[in-house]
Number of protein chains: 2
Amino acid sequence: MINSRFAVAIHILSLVASGPREKVTSEYIAGSVNTNPVVIRRITGMLKKAGLLQSQVGTPGAVLTRDPGEISLLDIYLAVQEKEVLFSMHENPNPQCPVGKNIQSALEDTFHTAQTAMEKELASKSLQDIRTRMTL
Amino acid sequence: MINSRFAVAIHILSLVASGPREKVTSEYIAGSVNTNPVVIRRITGMLKKAGLLQSQVGTPGAVLTRDPGEISLLDIYLAVQEKEVLFSMHENPNPQCPVGKNIQSALEDTFHTAQTAMEKELASKSLQDIRTRMTL
DNA sequence: CACCTATGTAACCATTATAGTTACAATTAA
DNA sequence: TTAATTGTAACTATAATGGTTACATAGGTG
């Protein structure tokens with residue numbers, strides 16, 4: 001199961017996109033997400049590292065680095081996921097066995113295809129799409 | 001990240017599909033996967049519960065309940081995954097906030113679509129496809 | 001029947017990821 | 001100068017995962 005950082009990150013970015021800069025502090029965001037401000041800052045740090053938002057010490061709030069329509073959900077997903085592979089593999093299958101010898105490359109390929117299908121779907125939706133859906 | 005039970009389950013079923021029944025004991029499978037026999041039996045139990053294979057106490061080995069071409073990777077995936085949802089959500093966002101109030105339903109929809117894209121890909125491949133890929 | 005072997009589980013442990021929390025240095029703005 | 005905020009480090013609790021030991025139960029064979 002994929003962690004909730006992805007969901008929280010979308011929540012954060014939605015608030016930053018909406019709010020007047022002065023208001024969207026980690027404290028304020030934490031109130032909306034219903035968690036601790038440090039959890040927000042941790043995720044904000046990841047989003048910042050990925051180049052999706054800007055902020056600085058001493059200055060309250062944060063701003064997006066580009067238009068919400070130009071931020072895909074895949075951008076956000078990749079920003080908060082440290083593992084680049086979705087499916088785990090078992091390590092060191094027995095190379096003496098025909099199955100053990102070949103299973104990894106077979107799975108690698110298959111898993112990659114499945115992961116790509118999901119990511120393609122995420123790439124097709126933007127932060128703006130989420131915002132639009134919320135204001136309906 | 002999705003656990004390795006999925007990969008191990010495919011490995012197990014590949015061996016069961018190939019092997020002469022008498023040989024594919026949990027001990028033998030464990031040797032190929034390179035893990036403990038109990039881990040194998042645990043996963044075998046899930047596959048059995050999902051109706052993908054048959055086995056019984058006292059009788060060594062296991063057999064498939066249907067043709068490898070009739071077992072999709074999605075069948076296997078669902079058999080060993082206890083959570084039916086791929087993406088986690090943060091609980092109890094603040095209903096006082098417009099974003100907090102509407103984020104969940106918006107995400108539920110979006111996440112479901114992405115998950116479905118992945119599952120559809122898994123549904124399109126069978127155990128036999130994996131076996132074929134391994135014997136190339 | 002007696003013995004061996006294998007499955008099916010329960011129980012326990014170590015490791016890891018996750019999310020929450022406290023604490024504090026650094027920085028900005030009033 | 002003071003207050004507020006970001007950015008981190010460090011620690012904790014919880015849960016999932018995979019490995020392990022132990023053992024009851026059930027076939028199969030001499």
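Here is how names work: the chains are called A, B, and so on, in the same order as the sequence lines, proteins then strands, and each is numbered from 1. What you see is a predicted model, and the numbers here were worked out from it, not measured in a lab.
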Problem - side chain to side chain donor-acceptor pair (under 3.5 Å) partners of A:Gln128, counting only residues at least two apart - result: A:Arg131, A:Thr132
Problem - B:Ile2 CD1 to D:dA16 C1', straight-line distance once rounded to whole Å - result: 14 Å
Handout entry: Atom pair CZ (B:Arg41) and OG1 (B:Thr25), whose distance is rounded to the nearest 0.5 Å
Key = 9.0 Å
Exercise for the section: Would you mind telling me which residue lines up with the more 5' stretch of DNA chain C, A:Pro60 or A:Asn3, judged by nearest nucleotide? Expected result: A:Asn3
Handout entry: Between P of D:dT21 and CD of B:Glu27, the distance in whole Å
Key = 12 Å
Exercise for the section: List in numerical order all residues of residues 34-50 of chain B for which some heavy atom is under 4.0 Å away from an atom belonging to DNA chain C. Expected result: B:Val38, B:Arg41, B:Arg42, B:Lys48
Practice task
Let me know the distance between CD of B:Gln54 and P of D:dG27, rounded to the nearest Å.
Solution key: 12 Å
Practice task
On DNA chain D, check which nucleotide each of B:Gln81 and A:Gly61 is closest to and give me the residue with the more 5' one.
Solution key: A:Gly61
Completion exercise
Sorted by number, residues from residues 4-12 of chain B placing a heavy atom under 4.0 Å from DNA chain D are B:Ser4, B:Arg5
Handout entry: Salt bridge flag under 4.0 Å for residues A:Asp109 and B:Lys125
Key = no
Practice task
Have a look at B:Glu91 and say if it touches a base, only the backbone sugar-phosphate, or nothing, with a 4.0 Å heavy-atom cut-off.
Solution key: nothing
Fill in the blank from the handout: Bounded by its outermost nucleotides with an atom under 4.0 Å from a heavy atom of chain B, the footprint on DNA chain C reads C:dA6 to C:dA11
Completion exercise
A:Gln56 atom CD is separated from D:dT8 atom P, nearest whole Å, by 13 Å
Exercise for the section: Would you mind listing every ring-ring contact (aromatic ring centres under 6.0 Å, His included) that reaches into residues 95-123 of chain A, with sequence neighbours excluded? Expected result: A:Phe87-A:Phe111, A:Phe111-B:Phe6
Practice task
State the OG-CG distance between B:Ser18 and B:Leu13, to the nearest 0.5 angstrom.
Solution key: 10.5 Å
Handout entry: Within 6.0 angstrom of B:Glu27 CD, more than 12 heavy atoms from elsewhere
Key = no
Handout entry: Nearest-0.5 Å distance, CG of residue A:Leu127 to CG of residue A:Leu64
Key = 6.5 Å
Exercise for the section: May I ask you to test the A:Ile29-A:Ser32 pair for a side-chain heavy-atom distance under 4.5 Å? Expected result: no
Exercise for the section: State whether B:Thr59 places a side-chain N or O below 4.0 Å from either non-bridging phosphate oxygen (OP1 or OP2) of D:dG27. Expected result: no
Practice task
Using the test side chain to side chain donor-acceptor pair (under 3.5 Å), find all partners of A:Thr44 that sit at least two apart in sequence or belong to another chain.
Solution key: none
Problem - ILVMFWY network linking B:Leu86 to A:Leu122, side-chain heavy atoms under 4.5 angstrom - result: yes
Practice task
May I ask whether A:Met89 and B:Tyr77 are part of the same hydrophobic cluster, defined by side-chain heavy atoms of I, L, V, M, F, W, Y residues being less than 4.5 angstrom apart, directly or through others?
Solution key: yes
